[in-house]
Amino acid sequence: MTLESLQRQIKTTEDLRDIVRTMKMLSSVSILQYEQANVALKHYRQNIQDAFQALVRQNGLPKMTTKPNILPKYLLILLGSDNGMVGKFNREVVQTAERNLRKKNIQVEQILFMTIGKRLTAMVENKNWRIAAHYANANSVKAVHILAENLIMQLDEIINREKISHVTVLFQQRGKGASVEVAVKQLMPFSTTALFKLKEKSWPTNNIPLLAQSKERLFSDLMRESLMISFISFLNHSLAAEHFTRMTNMQNAEQNIDDNLAELNQAFQQQRQEQITDELIDVISGVEAMKKKKA
């Protein structure tokens, strides 16, 4: 390999390292944004819980009638990524869904899927699973809210149209240390146990707020807000985990690039030294030849 080709390869590798560092920095900033959004969301979740507590303590919960299904129907909502450089991120979500279905012995005709993320959607399509709806993922904290609203509207339509009895959401989230793990959250059938426990919880003041709406209307509104919070939280967790996975992969790539760059620079210096040595030998040989001619 010539010095010129080594120089070109070193320049290309340095440019690649700059790109990797930029991607790593962008992922780091994105992780912070999505995690801070979830922290802020906790305060609003507490407000919703307080409203549920006031409803339970004053009027109780409205009666909820469920129609028994001869054959339960399941909707699995899978959250993945649009972009690459995330390793097994999407595949692990799909594999977890497969394991859960096998464990519960659920037949394929009982299942529908909603998918978020183009790459994950492609994986589900390759398995010939029935997709009721699919979406591209959000690319900002603001876009997460818009996507969550669309998901809830679509979810309501699918549940009524397909007579869905069970809804489960699967997504990646940050685990302990430098890991991510698949979380499985059941949305339906809805359990009111936690809400009834709020009746036993003490109220922070002497007066419970008066409720102007009917308990049926208020319960419906609170359930929708609670569902909205859940979807926003799931999406934020998934996106933070995606960027964390990408940042980790970029760190590994940067280390490999630095190692390769060190080898290239060493090869360049060695070849340059050999070229200088050859040039010096030529000069010395020329001087010696001239001395012999003069002698």
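Along the sequence shown, residues are numbered consecutively beginning with 1.
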Linking I/L/V/M/F/W/Y whenever any side-chain heavy atoms sit under 4.5 Å apart, do Ile10 and Ile257 land together?
-> no
Glu254/Arg21 under salt bridge (Lys or Arg N to Asp or Glu O under 4.0 Å): CA gap, chis, key distance, verdict | CA-CA 7 Å; Glu254 185 180 17; Arg21 284 179 174 174; 2.6 Å; yes
Note, Leu101 side chain near Ile111 side chain (heavy atom, < 4.5 Å) = yes
About how many Å separate CD of Gln266 and CG of Leu261, when rounded to the nearest 0.5 Å?
-> 12.0 Å
Any side-chain donor near an acceptor of the partner, Glu92 and Gln172, under 3.5 Å = yes
Side-chain heavy atoms of Val180 within contact of Gln173, under 4.5 Å = no
Taking atom types as modelled and ignoring hydrogens, do the side chains of Asn150 and Gln154 form a donor-acceptor contact shorter than 3.5 angstrom?
-> no
So, do Leu76 and Val169 sit near enough that their side-chain heavy atoms are less than 4.5 Å apart?
-> no
Ser220 and Arg217: side chain donor to acceptor below 3.5 Å | no
With side chain to side chain donor-acceptor pair (under 3.5 Å) as the test, would you mind laying out the steps for Arg99 and Thr96 before giving the verdict?
-> CA-CA 5 Å; Arg99 286 194 297 269; Thr96 301; 3.1 Å; yes
Spacing of CG belonging to Leu6 relative to OG1 belonging to Thr13, to within rounding of 0.5 Å = 10.0 Å
Out of curiosity, does Leu170 fall in the hydrophobic cluster containing Leu151 (side-chain heavy atoms, cut-off under 4.5 Å, transitive links)?
-> no
Each residue besides Val86 in its hydrophobic cluster should be listed here, by chain and number; the cluster joins Ile, Leu, Val, Met, Phe, Trp and Tyr at side-chain heavy-atom distances under 4.5 Å.
-> Phe89
Ile164 to Met188 - nearest heavy-atom pair and separation = O-CE, 3.6 Å
Heavy-atom neighbours of Gln46 CD exceed 12 at 6.0 Å | yes
Is there side-chain contact between Ile77 and Leu155, with at least one heavy-atom pair below 4.5 Å?
-> yes
Across all chains, not counting sequence neighbours, the salt bridge (charged side-chain N to carboxylate O under 4.0 Å, His left out) partners of Arg174 are Glu35
CD1 (Ile158) and NZ (Lys73) are apart, to the nearest 0.5 Å, by 11.0 Å
If Ile, Leu, Val, Met, Phe, Trp and Tyr residues are connected whenever their side-chain heavy atoms lie under 4.5 Å apart, and connections chain through other members, are Leu32 and Ile232 in the same group?
-> no
Approximate separation, where rounding is to 0.5 Å, of Arg161 CZ and Leu112 CG = 8.0 Å
side-chain hydrogen bond (donor to acceptor under 3.5 Å, both in side chains), paired with Gln255, selected from Asp258, Asn252, Asp259 = Asp259
Between the side chains of Asp82 and Asn137, is a donor N or O closer than 3.5 angstrom to an acceptor N or O?
-> no
What distance do Asp156 atom CG and Leu227 atom CG have between them, rounded to the nearest 0.5 Å?
-> 9.5 Å
4.5 Å side-chain heavy-atom contact, Lys88 and Thr245 = no
Correct closest heavy-atom pair for Leu147 and Ala138 would be CD2-N, 3.8 Å
Heavy-atom pair with the smallest gap, counting every atom of Ser238 and Gly80 | OG-O, 4.2 Å
Could you go through the side chain to side chain contact (heavy atoms under 4.5 Å, CB included) check for Met23 and Met85 one step at a time?
-> CA-CA 10 Å; Met23 292 182 65; Met85 298 184 185; 3.3 Å; yes
Heavy-atom nearest pair, Ile116 first then Leu235, reads CG2-CD2, 4.4 Å
Polar contact flag, side-chain donor to acceptor under 3.5 angstrom, Asn265-Gln269 | no
Determine, using the 4.5 Å side-chain heavy-atom cutoff (strictly less than), whether Val94 and Val184 are members of one ILVMFWY cluster.
-> yes
Within a radius of less than 6.0 Å around NE2 of His166, do more than 12 heavy atoms belonging to other residues, nucleotides or ligands occur?
-> yes
Quick one: does Arg246's side chain get under 4.5 Å of Glu242's, heavy atoms only?
-> yes
Do Ile229 and Tyr44 pass the side chain to side chain contact (heavy atoms under 4.5 Å, CB included) test, and can you show the C-alpha distance, the side-chain angles, and the key distance before you say yes or no?
-> CA-CA 8 Å; Ile229 291 172; Tyr44 185 48; 3.4 Å; yes
Aromatic ring pairing Trp129/Phe113, orientation class (parallel under 30°, perpendicular over 60°, tilted between) = parallel
Connected via hydrophobic side-chain network under 4.5 Å: Phe171 and Leu187 = yes
Supply the atom-to-atom distance Ser27 OG to His243 NE2, rounded to the nearest 0.5 angstrom.
-> 5.5 Å
Mind running side chain to side chain contact (heavy atoms under 4.5 Å, CB included) on Asn38 and Lys42 for me, showing each step along the way?
-> CA-CA 7 Å; Asn38 265 352; Lys42 288 182 179 179; over 6 Å; no
Please step through side chain to side chain contact (heavy atoms under 4.5 Å, CB included) for the pair Met114 and Leu78, ending with a clear verdict.
-> CA-CA 6 Å; Met114 283 179 66; Leu78 308 183; over 6 Å; no
Check whether any side-chain heavy atom of Lys24 sits under 4.5 Å from a side-chain heavy atom of Gln251, and report yes or no.
-> yes
Side-chain touch Thr168/Tyr74, heavy atoms, less than 4.5 angstrom = no
Any idea which heavy atoms bring Ile152 and Phe231 closest together, and the distance?
-> CG1-CD1, 3.7 Å
Please name the pair of heavy atoms, one in Tyr34 and one in Ser140, separated by the smallest distance, quoted to 0.1 Å.
-> OH-N, 3.3 Å
